[in-house]
Each structure stands twice: as C-alpha cells, then as structure tokens.
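Everything on this sheet refers to the single structure shown next.
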Amino acid sequence: MATERYNPRASEPKWQKAWETAKLFETKNDDPREKYYVLEMFPYPSGRIHMGHVRNYTMGDVVARFQRANGRNVLHPMGWDAFGLPAENAARDNKVNPRDWTYANIETMKGQLKTMGLSLDWAREIATCDPSYYKHQQKLFLDFWKAGLVERKSAKVNWDPVDMTVLANEQVIDGRGWRSGAPVEQRDLTQWFFKITSMSQDLLDGLETLDRWPEKVKLMQANWIGRSEGLQIRWPLDPATTPSGEDQLEIYTTRPDTIFGASFMAIAADHPLAKKAAKNNPELAAFIEEVRHRGTSAADLETAEKKGFDTGIRAVHPFDPDWKLPVYVANFVLMEYGTGAIFGCPSGDQRDLDFARKYNLPVVPVVMPADADAATFVVDDEAYVEDGVMINSRFLDGLKPKDAFDKVADLLGSRATNDQPMAERKVQFRLRDWLISRQRYWGCPIPVIHCDSCGAVPVPANQLPIELPADVSFDKPGNPLDHHPTWKHVDCPQCGKPARRDTDTMDTFVDSSWYFARFTDPWNGTEPTTLPMVDGPKGWLPVNQYIGGIEHAILHLLYSRFFVRALKATGHVNEVKEPFEGLFTQGMVVHETYRRNGGVHVTPAEVNITETDGVRRATLIATGEDVDIGPIEKMSKSKKNVVDPDDIIASYGADTARWFMLSDSPPERDVIWTEAGVEGAHRFVQRVWRLVSEAAPSLAGVAPAHSTDGEAGAVSKAAHKALKAVGEEIARLGFNKAVARIYELTNALQAPLAAAAAGEANAAMRGALREAVEFLLAMIAPMMPHLAEECWSAIGGEGLIAERRWPAFEPALVVDNEIVLPVQINGKKRGDLTIARDADQSAIERATLSLDFVQKALEGRPPRKVIVVPQRIVNVVA
RNA sequence: GCGGGCGUGGAGAAACUGGUAAACUCAGCAGACUUAAAAUCUGCCGCCUACAAUGGCUUACGGGUUCGAUCCCCGUCGCCCGCACCA
C-alpha cells in the first residue's frame with residue numbers, strides 16, 4: 001500500500017496553530033504543580049537567526065516539552081538582548097533609526113523562531129531596549145548605588161578606539177576589544193563601576209554549590225576571581241635616601257617565607273613613591289614616562305623586556321636594621337594589583353631571577369629540595385619554586401616554607417611600626433570592579449545628573465525612565481547622546497540650578513544580568529507597577545536549567561551571579577542565592593569551508609559535492625570549476641560557510657532540522673553540519689511517518705497492552721526498555737544517546753509494523769504494537785513535535801500529544817529473566833553462558849565449568865580461580 | 001609560563017562504578033523490488049592471517065596495577081580551550 005510522503009510544509013504550521021489556539025505554552029504563576037524554569041540565552045536581534053540559535057533553542061525546547069510531559073509547570077520564555085552597537089553602526093551606515101532597525105529585526109527573528117515550533121510563552125516576551133524594561137534597570141542602578149554597590153571613580157580603564165567606548169576587563173580578549181577586535185588602550189578616566197569585588201569571596205564560595213554546572217566554567221570563574229593568600233609587609237625606608245614625608249613601603253607577597261632571599265624592592269611606575277622620587281630625578285621621570293607609554297597588547301607584554309630603574313631609595317630589611325635593599329621602579333609591577341610594590345626574591349621566582357641577573361643583584365637560595373645539600377645547593381639560571389626546606393634564612397632554617405610563612409607572619413604581625421603592625425595577613429583577588437559606563441547611544445541611560453554644586457545626583461524615582469531621545473545623529477564620531485543639542489541640559493533635582501545628564505549608557509551586559517528575573521511575571525505587554533522578582537517557595541527563581549554558549553563562561557554568567565547577590569542586598573529578592581541552578585554549555589555548529597581558485601570563499605549552497613572512489617570533490621554549480629574543500633570551522637559570514645535555517649526549514653521542515661541538531665554529536669561538542677546528515681535526518685522523519693501511517697488502520701481502536709512472551713513480548717520489551725532509556729537520557733541532556741535508542745526501537749518495530757500493515761498481526765501483537773507506537777510518539781514528541789502530532793492524529797489519538805503525560809514503563813519488562821553472560825578464560829572472551837537472571841554465584845560457577853570450551857581450555861585441571869560478577873561477566877583463571 | 005580538557009573504524013560517535021570495544025547514524029559495498037532510475041527493504045562493513053574460524057591483533061605511543069584497563073597510576077607525543085608581567 002502506497003502512502004503519501006509526510007509534508008512538513010503543510011503539517012508544521014497546522015500544529016503550531018493548534019498549540020497556539022489551545023494556549024498550551026502560556027504559563028500561569030498560580031499553577032499548583034511543581035515549577036520548572038528552563039531558559040536559553042536570549043538572542044541579540046542581529047537580523048536573522050543562525051544555526052547556533054537553532055541548536056540552542058532546540059535543546060531547550062526538548063527539555064521544556066519533556067518536563068511538561070512529566071507534569072511540571074514549565075516556564076520557557078524568550079526575549080531580546082536588544083541594546084548594542086550594531087544598531088548604531090546600522091544607523092550610521094544605512095541612515096535608519098537604531099530603534100526601528102532593532103524592532104524590525106525582532107519581528108523577522110520572532111517569525112523565524114515560530115517556524116521552529118518552540119514551546120515558548122510569548123506572553124512574557126521582553127526586549128531590553130524597551131523603556132518598560134530599562135526603567136527597572138535604572139531603578140536597580142539607583143538602589144545599588146544607595147546600597148554602596150555602585151561607585152564613580154577615576155581609574156586606568158580599557159579604551160576601544162574603534163567602538164569609541166571604554167570596556168570592562170572581561171571584555172578585553174587577548175588585549176583586544178571583544179566586539180571590534182581592535183587593540184585596547186589604557187586611559188585614566190572617571191567612570192561608573194559596579195563593585196563586584198565586594199562580592200569576590202562570596203562569588204568564589206558560591207561556585208561550590210553549583211553542582212549542575214560544568215567543572216570547566218566553575219574553574220574559569222575561580223581563576224578569574226583569582227584568590228591568593230599572602231602577607232602585606234611594611235618595610236621601613238632609610239631616611240637618608242628617601243624623599244621627605246615617606247618613611248615606609250608597603251608590599252604584598254604570597255611568599256613571606258623567602259624574605260631572607262630578598263635582594264631588591266620593585267614598585268610600579270604609577271606608585272606614589274615613584275612619582276615623588278621622580279620630582280628631583282629627570283632620568284627616573286623619563287623612565288616612568290617610557291613605562292607608561294609601553295604597548296599594552298598581549299604581544300607587547302610577551303616580548304617586553306623586564307626593566308627597572310634604581311630610585312636611589314633604600315629599604316630596611318624587617319629582620320635586620322643593617323640590611324638595606326635598593327628600591328627600583330620596574331615595568332612589570334602593576335599598580336592595580338596588591339599594593340603596587342613587591343620585594344624580589346631571585347632564587348624563588350624566575351622573573352625576579354632574570355631581573356637580578358640583569359642588574360647584578362645577589363641571588364641567595366632560601367628553599368631547596370628536602371634531599372639536597374645546603375652547602376652545595378645553588379640557583380643558577382632557573383629559580384627553585386617547588387616545596388622543600390628553608391636554608392640561608394637564619395631562624396627559619398630547617399622549616400618547611402609553609403611553617404616559615406606562619407612564623408614570619410606571627411613575628412612581624414606582633415611588631416609595630418608607626419603604631420601599626422609591620423605585617424598583616426591579606427587575601428588578594430585578581431577580580432576588578434565592573435566598569436559599566438559606555439560612551440554610546442543605544443543602551444540604557446545612566447540615571448544621574450551632574451551638578452556643579454551638588455555633584456552626581458540620582459534622578460528621582462518618579463522621573464524614571466530616563467528615555468533615550470529619538471532624534472540623534474550619527475554623523476560625528478563619538479557619543480551621540482553627548483552631541484545631542486538639548487537632551488543633556490536639565491536642572492539639578494536637588495538645588496534646581498542648571499546641570500547636565502550623564503550622557504553615558506550602561507554596558508549591555510547589565511541588561512542581560514537580570515533578564516531571567518524579568519520573565520517571572522506574565523505581563524502580556526501591560527506594565528506591572530513593581531519589579532517582578534518572583535522569589536521564595538512559590539517563585540520561579542532560580543532557573544532550573546540554563547543553556548547557552550561557553551563564550552559566556554566569565555562575562556554574562558559572572559555578572560548575573562553578582563546581580564543576584566546585589567538584588568538580595570537591596571531587598572529585591574529574598575531567598576535565591578544563585579541565578580542558574582543547572583548550566584549547560586552547548587557546542588557550536590561548524591561546517592566545511594570552500595574556496596575558489598584565488599582564495600575567495602563561496603557558500604555551501606553554491607557548491608556541489610561528489611564522491612568517487614572515496615575522494616570527495618567540490619565544484620561550483622554555476623561554472624563547474626573545481627573548488628577547494630577547506631577546514632571545518634564555526635559558521636561565519638566571513639568564511640561564508642553558513643547554512644540559513646530558513647532554507648532548511650523550507651525544504652525539510654523544522655523537525656528535520658531539530659532531529660539533526662540532536663543526533664550524533666554530544667550536545668556539549670561541536671556539531672558538523674552536512675547535507676548528507678540532514679538528508680539522513682529527513683529520511684528518518686519519512687520513515688516514522690510511513691511505518692506509523694501504514695500500520696495505523698490495523699492499530700485503530702486497539703487498546704494498548706503489553707505481552708511478556710513470543711514476538712509480541714519482544715516488541716513490548718523493546719518498547720519499555722527504550723522508554724526507560726530515552727527518559728533517562730533526556731533528563732541528563734544526553735540527546736544523542738536518546739536519539740540512538742529511538743533508532744533502535746524503530747529498527748525493532750520495522751518488521752512487526754510492516755506485518756501488521758499487511759494484516760498479519762494477531763490480537764496480542766496489535767496491542768503490543770499499539771502501545772509501542774504510543775511510546776515511540778511520546779519519545780519523539782519533545783524532539784520532533786509536529787511529526788509526533790501528525791502520527792498521533794493518524795492512529796486516532798485523542799487531543800494533542802503535546803498535552804499528554806510521559807508514559808510509565810513496566811519494571812518487569814525492562815529486565816530479562818534469562819541473561820547471556822560473556823565467559824572469559826584468562827581475561828579473554830571465549831564464549832557465552834545463558835542462565836537465569838537470578839542464578840546465584842555457585843550455580844553460575846557450576847554451569848560455567850560444565851561448558852565445552854571451558855573444559856577444553858582447562859584440560860582436566862581444576863581452575864585456579866573463577867570470578868563471577870553478577871549480571872556482568874564470568875572469568876575463569878586457568 | 002600557569003591551569004584544564006581531549007586523543008576509539010572512512011566520518012560523527014557509544015561503552016553505567018574497572019567487566020563482551022565499536023551500539024546508533026552518515027558514507028561505502030552487495031542483494032531484493034523495478035523495463036530502468038529514484039525511493040524503499042534485506043545483508044555486509046576495525047586491521048591481519050590470499051579465503052575463513054568462538055584464530056591473532058586493536059581504543060595516540062611506552063610501561064605499571066589488576067583475574068580483567070577505552071576507564072586507574074607513571075612517562076612520551078599530538079591537538080584544543082582558558083588565563084597570563086597577579087608578586
């Protein structure tokens with residue numbers, strides 16, 4: 001019997017409409033069922049969705065539909081990370097308004113997402129560029145400010161000369177701006193900061209509670225926060241050599257144990273002492289100037305020679321008033337870390353050693369391997385940084401470095417200089433405060449007014465939101481808000497005198513640091529009056545499962561963790577400790593690249609691939625010329641190796657694209673997009689439809705039932721085992737393994753379903769097949785929802801399969817009564833033993849020893865040992 | 001330099017807590033159906049012993065622990081990622 005091919009173009013919109021009409025995915029906050037919040041990182045509205053979005057949102061949708069089928073009240077929203085520089089660039093290049101450009105893109109992309117058949121609650125849709133969104137963000141800024149979590153300060157900051165704005169530390173990758181790729185410059189500017197460093201320890205500690213986060217991400221965050229324990233030591237300065245007003249130098253070290261190996265002090269070029277010393281020393285002043293103007297790119301730092309300049313100042317060793325050490329200004333000491341000053345111990349640090357050799361400073365070994373001889377141990381051109389035992393260190397000799405650390409800390413800690421202890425234990429962090437000011441237009445305005453008399457004044461809450469002006473010009477480089485003729489001129493809210501608005505906007509990462517909290521209220525476009533931070537036992541937060549790219553391992557994921565803490569400190573949330581309980585970082589979508597003779601990239605759509613005798617060849621469809629097949633790389637416009645999701649959905653349907661994204665590659669790894677793979681996925685779509693629709697008449701009206709023996713029993717066992725395995729795999733996001741189990745079940749059902757379609761199935765078989773098909777459809781429903789509905793309808797299923805519960809497997813059917821145990825002789829498999837599942841050890845042993853091949857191998861001798869691992873294996877040691 | 005990960009057939013991969021290596025998919029080969037092709041169905045598909053075996057070998061390479069190692073330990077090689085003058 002011939003069946004019509006499944007037509008996704010007709011079927012998919014039909015079911016999308018059916019779900020929408022039934023309001024299936026609109027979530028209610030007062031639903032009594034257990035909540036489950038699944039979220040994918042929201043997109044930037046760049047214009048069109050790409051395959052990375054398809055992969056990300058497919059995974060999230062499988063989780064959402066699966067949890068819904070398991071009886072949870074699922075929240076699965078979508079929004080738009082809608083502020084950002086591309087809108088300004090489009091405005092400049094195409095003379096469009098950034099707002100119009102952004103909202104047009106949102107419309108297009110929303111339409112594209114809808115063709116994917118995602119189970120999203122569009123009633124909660126948000127765009128961060130909407131005043132109804134950023135109004136709350138401005139209020140949060142003011143609340144954070146009041147709570148001491150915001151600071152306006154002058155600092156050395158990263159300036160991106162192409163995007164014409166400052167950037168946060170996290171947004172500088174290898175010395176370049178994360179968006180523009182331009183080498184960043186250091187500038188001293190007064191800017192707004194979120195005091196993320198005030199949470200350093202808590203952000204570090206919190207990582208330990210995130211047991212459903214990838215270890216890799218937690219490790220990256222821990223390294224970024226960069227905690228170290230050390231000692232801050234005040235070294236007296238020799239008055240005869242020191243400018244007046246200075247009498248001590250405070251340094252930070254993690255190795256106070258090596259204090260007797262010290263041979264010099266080094267301070268940063270920006271250190272106050274350096275500046276003072278330079279006043280009467282033109283050569284030093286010139287050196288400081290040179291250091292300040294050095295390159296700051298990664299390559300510059302890599303090759304920069306370690307250089308110093310002796311200030312002439314001498315420091316006095318804390319344990320020996322007669323021991324004087326030179327104080328250098330050094331180009332490798334950073335003012336931003338610790339105290340901007342160090343002592344150098346050449347024998348214990350490679351960089352200090354190189355410096356000492358260059359300036360002929362003493363090198364005294366103070367730690368040696370425990371088994372070395374103190375009399376002969378020397379440090380030549382390689383510093384000794386391992387653990388060991390103290391030498392040449394007076395009263396520390398013989399101690400372990402760790403104990404020497406404590407002894408120095410205790411001794412100096414109890415000794416006073418200038419009424420202060422000479423040393424204090426200090427924990428240092430590498431993390432810097434989050435610079436959020438951006439000299440750009442298309443962002444959330446910072447709600448502050450600068451007044452000559454009152455300083456920086458918060459905009460009163462009842463004047464929020466401070467909206468962006470619509471009439472801006474992008475003709476001039478720089479900040480359009482600053483160039484606007486009238487917008488910034490306002491009166492001071494405090495004294496009423498003429499004042500100026502802050503013309504900077506907030507980093508767009510601020511927008512995305514709390515959007516997950518904004519979804520918790522179904523607002524349907526109606527403005528809620530309060531911040532919708534639903535929290536506590538009935539609340540939505542934290543997100544149960546968050547899915548997105550690894551590129552946000554530090555940036556967005558660290559900022560969001562800070563934000564939840566700040567929201568708590570300001571009373572916006574009460575109980576939630578972390579924003580994302582479970583995090584999954586999915587891999588990229590990659591594709592072969594193609595280049596014409598001459599190196600110009602061409603798109604996959606323009607080439608034709610043939611394979612003869614195992615050799616793949618690519619030709620340009622238009623001209624027939626040969627094209628070079630290049631490496632597999634992340635889909636990108638520049639490499640032209642992109643495949644448009646619209647084209648795929650138009651020709652194969654959304655289910656095929658979804659199934660391909662879930663098959664084969666583990667979700668955390670990159671997936672290689674291939675035409676053959678997509679066709680394979682589509683073949684499976686057609687195969688399921690063919691099998692189910694052809695057997696449908698013989699299964700109509702049949703009550704699902706399982707059998708325990710015979711061919712029907714085999715069908716039931718296959719179905720129940722698959723149901724169990726697929727449920728477990730989806731729950732742990734093992735989509736590729738779930739797909740493999742579904743293929744296995746389909747293969748097992750192939751012949752029985754064909755027989756049933758031919759009218760050759762008895763009642764028991766029809767019952768088993770009916771149940772098996774219902775299971776199969778339940779399993780594919782989260783992954784290929786449209787196909788599942790079409791098949792469900794074909795077998796006369798009631799209602800929508802999207803509303804049905806995940807079926808329960810029968811425990812008795814997923815275990816076999818008779819099992820086949822592999823039998824090894826001396827660790828090599830030599831045969832099988834078929835035996836009852838519950839057979840005890842001695843029964844298995846007896847049965848094994850009576851096997852022909854075992855007796856032959858033993859040649860009449862008793863075995864040395866028989867190892868029986870229940871339900872796994874038997875090993876006979878001959 | 002520091003920190004982390006990975007390495008399994010022609011390709012993507014699977015293998016639970018140390019227990020049958022290669023499930024499942026793609027590509028390929030053969031057959032059935034067909035006048036033919038497509039589609040579909042069935043079978044084969046790590047390497048070697050010219051063929052074949054419940055022969056031997058095989059999870060980057062070399063060693064170790066174990067009755068048994070893709071998995072644990074030591075060493076070597078290769079690839080990838082993050083951080084990087086952090087005191």
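Just so it is clear, the values below take in all heavy atoms, side chains as well, and ignore hydrogens, waters and symmetry mates. Sequence lines set the chain letters: A, B, ... in the order given, protein chains first and strands last, and positions in each chain run from 1. For clarity, every value in this text was computed on a predicted model and none was experimentally measured.
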- Describe the nucleic acid contact of A:Arg732 in one word from base, sugar-phosphate, nothing, applying a heavy-atom distance below 4.0 Å. nothing
- Item | Span that lies between the P atom of B:A15 and that of B:U8, in whole angstrom | 15 Å
- Considering only side-chain heavy atoms of A:Arg430, which listed nucleotide, B:C86, B:C57, B:A13, is closest? B:C86
- ring pair (Phe, Tyr, Trp, His ring centres under 6.0 Å) against A:Tyr252, all qualifying residues, sequence neighbours excluded: none
- In whole angstrom, give me the gap between the C1' atoms of B:A21 and B:A13. 13 Å
Which atom pairs, one a donor and one an acceptor, fall under 3.5 Å between side chains of residues 731-741 of chain A and the rest of the protein, sequence neighbours left out?
{"residue": "A:Arg732", "atom": "NH1", "partner": "A:Glu729", "partner atom": "OE2", "Å": "3.2"}
{"residue": "A:Arg741", "atom": "NE", "partner": "A:Glu744", "partner atom": "OE1", "Å": "2.9"}
{"residue": "A:Arg741", "atom": "NH2", "partner": "A:Glu744", "partner atom": "OE2", "Å": "3.4"}

- Item | Listed nucleotide nearest any side-chain atom of A:Arg830, set B:A84, B:C41, B:G56 | B:G56
- Query: With sequence neighbours excluded, what pairs up with A:His271 under the ring pair (Phe, Tyr, Trp, His ring centres under 6.0 Å) test?
  - Reply: none
- Message: Suppose you measure atom P in B:A11 against the same atom in B:U35; what distance do you get, rounded to whole Å?
- Response: 40 Å
- Query: Would B:G62 be called syn or anti, given that syn covers angles within 90° of 0?
  - Reply: anti
- cation_pi(A:Arg430, A:Trp224) dist<6.0 Å, angle<=45: yes
- Span that lies between the C1' atom of B:C85 and that of B:G78, in whole angstrom: 29 Å
Do any side-chain atoms of residues 665-678 of chain A form donor-acceptor pairs under 3.5 angstrom with protein atoms, and if so which ones, sequence neighbours left out?
{"residue": "A:Asp670", "atom": "OD1", "partner": "A:Met588", "partner atom": "N", "Å": "2.9"}
{"residue": "A:Thr674", "atom": "OG1", "partner": "A:Gly677", "partner atom": "N", "Å": "2.9"}
{"residue": "A:Glu675", "atom": "OE2", "partner": "A:Tyr652", "partner atom": "OH", "Å": "3.1"}

- Query: Roughly, in whole Å, what's the span from CD in A:Glu592 to P in B:G12?
  - Reply: 12 Å
- Take atom CD1 of A:Ile742 and atom P of B:A14, then tell me their distance rounded to the nearest Å. 16 Å
Tabulate protein N/O versus nucleotide N/O from nucleotides 78-81 of chain B, keeping only pairs under 3.5 Å, one per line.
{"residue": "B:C81", "atom": "O2'", "partner": "A:Lys216", "partner atom": "NZ", "Å": "3.1"}

- Using ring pair (Phe, Tyr, Trp, His ring centres under 6.0 Å) as the criterion, list what pairs up with A:Trp178, not counting sequence neighbours. A:Phe509
- Query: Whole-Å distance between B:C2 C1' and A:Leu219 CG?
  - Reply: 11 Å
- Considering residues at least two apart in sequence or located in another chain, which fulfil the ring pair (Phe, Tyr, Trp, His ring centres under 6.0 Å) criterion with A:Phe429? none
- Item | B:C29 to B:C16 separation - C1' atoms, rounded to the nearest Å | 35 Å
Just list the side-chain donor-acceptor pairs under 3.5 Å for residues 750-760 of chain A, sequence neighbours left out, or say none.
{"residue": "A:Gln750", "atom": "OE1", "partner": "A:Arg687", "partner atom": "NE", "Å": "3.0"}
{"residue": "A:Gln750", "atom": "OE1", "partner": "A:Arg687", "partner atom": "NH2", "Å": "2.9"}

- Item | A:Glu229 with A:Lys426: basic N within carboxylate O range, under 4.0 Å | no
- Could you pull out the closest heavy-atom pair between A:Ile554 and A:Met220, with the gap in Å? CD1-O, 3.5 Å
- Partners passing side chain to side chain donor-acceptor pair (under 3.5 Å) against A:His720 (at least two apart in sequence or in another chain): A:Glu771
- In whole angstrom, what separates A:Ile629's CD1 from B:A11's P? 15 Å
- On a plain distance test, is the side chain of A:Lys306 in donor-acceptor contact with the base of B:C85 below 3.5 Å? yes
- Task: Using whole Å, report how far CZ of A:Phe332 lies from P of B:A84.
- Result: 19 Å
- Item | Distance, C1' atom - from B:A27 to B:C44, rounded to whole angstrom | 14 Å
- Query: B:C86 phosphate, OP1 or OP2: any side-chain N/O from A:Arg351 under 4.0 angstrom?
  - Reply: yes
- Task: Can you tell me the distance, in whole Å, between the CD atom of A:Glu229 and the P atom of B:A87?
- Result: 12 Å
- Item | Integer angstrom distance from the P of B:G75 to that of B:G82 | 26 Å
- Query: For the pair made of CG in A:Leu353 and C1' in B:C85, what is the distance, rounded to whole Å?
  - Reply: 15 Å
- Task: Ignoring the backbone of A:Ile672, work out which of B:C83, B:G12, B:C86 is nearest its side chain.
- Result: B:G12
- Query: A:Asp655: what forms a side chain to side chain donor-acceptor pair (under 3.5 Å) with it, not counting sequence neighbours?
  - Reply: A:His786
- Salt-bridged, A:Asp257 to A:Arg255, with N to O below 4.0 Å? yes
- Task: Measure centre to centre between the rings of A:Phe809 and A:Phe775, then say whether the value is under 6.0 Å.
- Result: no
- Please give, in whole Å, the distance from B:U54 C1' to A:Leu851 CG? 12 Å
- Query: Considering only the P atoms, how many Å lie between B:G56 and B:C79, rounded to the nearest integer?
  - Reply: 37 Å
- Is any side-chain N or O of A:Arg669 closer than 4.0 Å to OP1 or OP2 of B:A14? yes
- Message: Let me spell it out: for each of A:Pro666 and A:Phe343, pick the nucleotide of RNA chain B with the closest heavy atom. Which residue's pick is nearer the 5' end?
- Response: A:Pro666
- Message: What stems show up for RNA chain B when you take Watson-Crick pairs (N1-N3 plus N6-O4 or O6-N4) and G-U wobbles (N1-O2, O6-N3), both under 3.5 Å, and require three or more consecutive pairs?
- Response: B:1-7 with B:77-83, B:10-12 with B:24-26, B:28-32 with B:40-44, B:46-48 with B:55-57, B:60-64 with B:72-76
- Per-nucleotide protein contact string for nucleotides 16-26 of chain B, where B marks a base within reach and S marks sugar-phosphate only (heavy atoms under 4.0 Å, - for neither): B--BB--BSBS
- Using a heavy-atom cut-off of under 4.0 Å over every strand shown, decide if A:Gln750 touches base, sugar-phosphate, or nothing. sugar-phosphate
